[in-house]
Structures are given as C-alpha cells and as structure tokens.
Amino acid sequence: MKLKLIAAALLALAPTAALADADCTAEPKEKWMSEAAMKAKIDALGYKVKTFQVSGSCYEIYGWTKEGKRAEVYFNPVSGEIVKSEIE
C-alpha cells in the first residue's frame, strides 16, 4: 500500500520535475546575453516578472503572462528563445 502511495506521489510530481531539469545551452557564460538584455526581451514578450534567476544553463523566470496567467519559463541565455514553459 505504501509503495502505491509513493508511486502516485512521484507521478504527481513528474511534470514539475521534468520542467526543473531544463538544458538550455552548452555555450559558455561569456556568450550569454546580459541579464539586462534578457529582461528587456522578456518584457517585450509581455511577461510580468516576479523572480528572474540563472538556473543551470538557463535564464528562468517566475511571473505572469500578458493574459495574467502564472508562468514558469526557461530561456536559452544565448538566443533568448523559450526552451520550456509551464503556464497555469
């Protein structure tokens, strides 16, 4: 019974865990766009940012879309392209 509960809990967390391991680029940080440039691009895309951070090889935000939905988005720090996103 406990094994079934653990398995169910792991399955419930799987989407979050998959998003957490985004691999955005293999380029060295010297080739990344500046945080200020990335923030400007994110703003131009219409996101309202609550938290901006470096997460592994990505720029990551927590915030809201222009429609007001909560968002967690990973960006390639070289190109600025969205690698993964979770919109609620």
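The analysis underlying the following values was restricted to heavy atoms, covering all of them including side chains, and did not include hydrogens, waters or symmetry mates.
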- If Ile, Leu, Val, Met, Phe, Trp and Tyr residues are connected whenever their side-chain heavy atoms lie under 4.5 Å apart, and connections chain through other members, are I82 and Y62 in the same group?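 Different hydrophobic clusters.
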- Item | Shared hydrophobic cluster for M33 and V54 (ILVMFWY, side-chain gaps under 4.5 Å) | yes
For [X], what residues pass the side-chain contact (heavy atoms from CB on, under 4.5 Å) criterion, not counting sequence neighbours?
{"X": "A40", "result": "none"}
{"X": "W64", "result": "K48, K50, R70"}
{"X": "C58", "result": "A22, C24, Y74"}
{"X": "T65", "result": "Y47, E67, K69, A71, I87"}

- E30: partners by side-chain hydrogen bond (donor to acceptor under 3.5 Å, both in side chains), with sequence neighbours left out: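 With neighbours one apart ignored, the set is empty.
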- Query: Listed by chain and number, what are the side-chain hydrogen bond (donor to acceptor under 3.5 Å, both in side chains) partners of T25, not counting sequence neighbours?
  - Reply: none
- Task: Give the intermediate values and the outcome of side chain to side chain contact (heavy atoms under 4.5 Å, CB included) for residues M38 and F75.
- Result: CA-CA 9 Å; M38 188 69 235; F75 296 89; 3.6 Å; yes
- Query: Where is the tightest heavy-atom contact between N76 and V83, given as atom of each residue plus distance?
  - Reply: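 Nearest pair, atom of N76 first, then V83: N-CG2, 3.5 Å.
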- Message: Show, in sequence, the C-alpha distance, side-chain angles and deciding distance for Q53 and T51, and conclude whether the side chain to side chain contact (heavy atoms under 4.5 Å, CB included) test is met.
- Response: CA-CA 7 Å; Q53 62 191 25; T51 304; 3.8 Å; yes
- Item | With K66 via salt bridge (charged side-chain N to carboxylate O under 4.0 Å, His left out) - residues at least two apart |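 Salt bridge (charged side-chain N to carboxylate O under 4.0 Å, His left out) list for K66, sorted by chain: empty.
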- By salt bridge (charged side-chain N to carboxylate O under 4.0 Å, His left out), E35 pairs with (sequence neighbours left out) none
- Query: Out of curiosity, S79 OG to K31 NZ, how far, rounded to the nearest 0.5 Å?
  - Reply: 13.5 Å
- Message: For Y59, give me all partners under ring pair (Phe, Tyr, Trp, His ring centres under 6.0 Å), at least two apart in sequence or on another chain.
- Response: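 Listed in chain order: W32, F52.
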